[in-house]
Amino acid sequence: MTQPTTTLALALREGGFAKAPTPQVPHAMAPFLDLREVALPPLAAGQVLIEVILSPVNPSDLFFVQGGYGQPRVQGQAAGFEGVGRVIASNGADALLGRRVSFLGTGTGAWAKHAVSDAALCIPLDDAVRDVDGAALIVNPLTAVALVERARQGGNAFVLNAAGSQLGRLMLGLARDEGLSPIAVIRRPDEAEALRALGAAEVLVTSDSGFATQAAQAIRALKPRVLLDAVGDQATADLFFAMPSGAAWVSYGKMSDEAPSLTQMGQFIFMAKTIEGFWLSRWLPAAPADRQAAVIRQVQTRFASGQWATRVAAELSLDQAIDGILPAYATSSGKVMIRP
Ligand SMILES: NC(=O)c1ccc[n+]([C@@H]2O[C@H](COP(=O)([O-])OP(=O)(O)OC[C@H]3O[C@@H](n4cnc5c(N)ncnc54)[C@H](OP(=O)(O)O)[C@@H]3O)[C@@H](O)[C@H]2O)c1
């Protein structure tokens, strides 16, 4: 097969970072993305060329296209952090040729017919792993393992918000299987039953008028000392200040555009409370190689066995994506997938 030198991609219109803080969800995708043919760079040593099958739209992608994520955009390059596809060419990683892999778009982005990735960051997939699971097998699943491990350091119980998210659901299932008691915080009551079935020991609904009282009761009963936070709003800050001495607020996402106030600074001094951040892009390279391999095996086994599954809200072709991503994302009923 002749190796393509260009590919059809959702290309970034701008490079670098945004000049001002960006909202989580852009008002439209058209100011940020352009559907066009882009050049594929020659493969550097250790890189592979992948024919993309599916790629998810993660919250991080929405921040990234706007220039509000932790790494700069490259103008004219495809967006999309991860996906599943088949390796069609390699420079020094021939063992992957023909393999279906989960990959990170480390050379070029995944919202394209073809993507360049580092072979070291490709995960060859078992046949039992469905494409939809393979497409979203890295960013959220590896984070789920890392964050549940962090939660366990605080004891048996922990709090997680945005618990109905794809990542939240992965963490609930994993925590249940590890004998932990997660307290799930959500904003829509209709998700409560499903989250209990997945493994939540308690479900608290922020839109409920009794939220603060119910939260206080759950905290008294279960004594959680880790708050896994993907929201970063005032309700989260208030919840943290209701937690016991030694509690850690682990910020790993910013779904809310609200800026919370820290109303009880004395708790950092007198109750040894802490705030910390988590980013997979820092955690993964810092993990020892045998730990990385074990986590990758674990996540693949959980998908292959059906212990985990990726919910899909919609599948869009490249030419449907610019207009279709945001309406499908707003349904919050699973991942929006791009099928190039
Ligand atoms: N730091 C890292 O390394 C890392 C790695 C992976 C993921 N993440 C983060 O993890 C989070 C979840 O990712 P995902 O892919 O699982 O997301 P997802 O499936 O798209 O779900 C998003 C969730 O956020 C909730 N949400 C949105 N806006 C909210 C608001 N203003 N207040 C409260 N809840 C709100 C939604 O609730 P509704 O259903 O009620 O709309 C939904 O449950 C994201 O913040 C993502 O950036 C971080």
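These numbers come from the heavy atoms of this one structure, side chains and all, not from hydrogens, waters or symmetry mates. Every number for a ligand or one of its atoms is a count from 1 in the order of the listing.
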Separation between CG of Leu318 and CG of Leu10, rounded to the nearest 0.5 Å: 5.0 Å
Check: Arg187 N/O within less than 3.5 Å of ligand 1 N/O: yes
Ligand 1 atoms in contact with Gly253 (distance to a heavy atom under 4.0 Å): 45 (O)
Rounded distance [0.5 Å steps], CG in Asp233 versus CD in Glu258: 5.0 Å
For ligand 1, the portion of Thr143 having any non-hydrogen atom under 4.0 Å away: side chain
Sub-4.0 Å heavy-atom contact, Arg169 with ligand 1: no
Sub-4.5 Å side-chain heavy-atom contact between Ser261 and Gln234: yes
Ionic contact status for Arg100 with Glu51, cut-off 4.0 Å: no
salt_bridge(Arg152, Glu149) N-O dist < 4.0 Å: no
Aromatic contact, Phe81 with Tyr69 (centres under 6.0 Å): yes
Which segment of Lys335 sits under 4.0 Å of ligand 1 when only heavy atoms are counted: side chain
Side chain, backbone, both or neither: the part of Gln166 lying under 4.0 Å from ligand 1 by heavy atom: both
Donor-acceptor pair, side chain of Ser256 and main chain of Gly232, under 3.5 angstrom: no
Nearest non-hydrogen protein atom, atom 25 (C) of ligand 1: Ala162 CB, 4.0 Å
Pairs of donor and acceptor atoms involving the side chains of residues 114-129, under 3.5 Å and at least two apart or interchain, shall be tabulated with distances.
| from | atom 1 | to | atom 2 | distance (Å) |
| --- | --- | --- | --- | --- |
| His114 | ND1 | Thr7 | OG1 | 2.8 |
| Ser117 | OG | Leu104 | O | 2.7 |
| Asp118 | OD2 | Thr106 | OG1 | 2.8 |

Euclidean distance, Ile219 CD1 relative to Glu202 CD, rounded to 0.5 Å: 10.5 Å
Heteroatom proximity flag, Trp279 to ligand 1, N/O under 3.5 Å: no
Proximal ligand 1 atoms for Val231, defined as those under 4.0 Å from one of its heavy atoms: 32 (N), 33 (C), 34 (N)
Val231: hydrophobic cluster co-members (side-chain, 4.5 Å): none
Hydrophobic cluster membership, Ile296 vs Leu174, 4.5 Å side-chain cutoff: yes
Under-4.0 Å heavy-atom contact with ligand 1, by part of Phe278 that carries it: both
Candidate with minimal heavy-atom separation from atom 38 (P) of ligand 1, of Ser332, Ser165, Ser333, Gly164: Ser332
Polar contact flag for Leu167 and ligand 1 (N/O pairs, less than 3.5 Å): yes
Atoms of ligand 1 close to Met255 [distance to a heavy atom under 4.0 angstrom, numbered from 1]: 22 (C), 24 (O), 26 (N), 27 (C), 28 (N), 29 (C), 31 (N), 35 (C), 44 (C), 45 (O)
Nearest neighbour in protein (non-hydrogen) for atom 10 (O) of ligand 1: Tyr252 CE1, 3.2 Å
Numbered atoms and elements of ligand 1 in range of Leu280, under 4.0 angstrom, heavy atoms: 2 (C), 3 (O)
Identity and distance of the protein heavy atom lying nearest atom 11 (C) of ligand 1: Ala230 CB, 3.8 Å
Asp233 to ligand 1, any heavy atom closer than 4.0 Å: no
Atom 47 (O) of ligand 1 [closest protein heavy-atom partner, distance rounded to 0.1 Å]: Pro59 CB, 3.7 Å
Per atom 7 (C) of ligand 1, closest listed option by heavy atom (Asp229, Val336, Asn140): Asn140
Check: Lys113 side chain, Ile53 main-chain N or O, donor-acceptor pair, under 3.5 Å: no
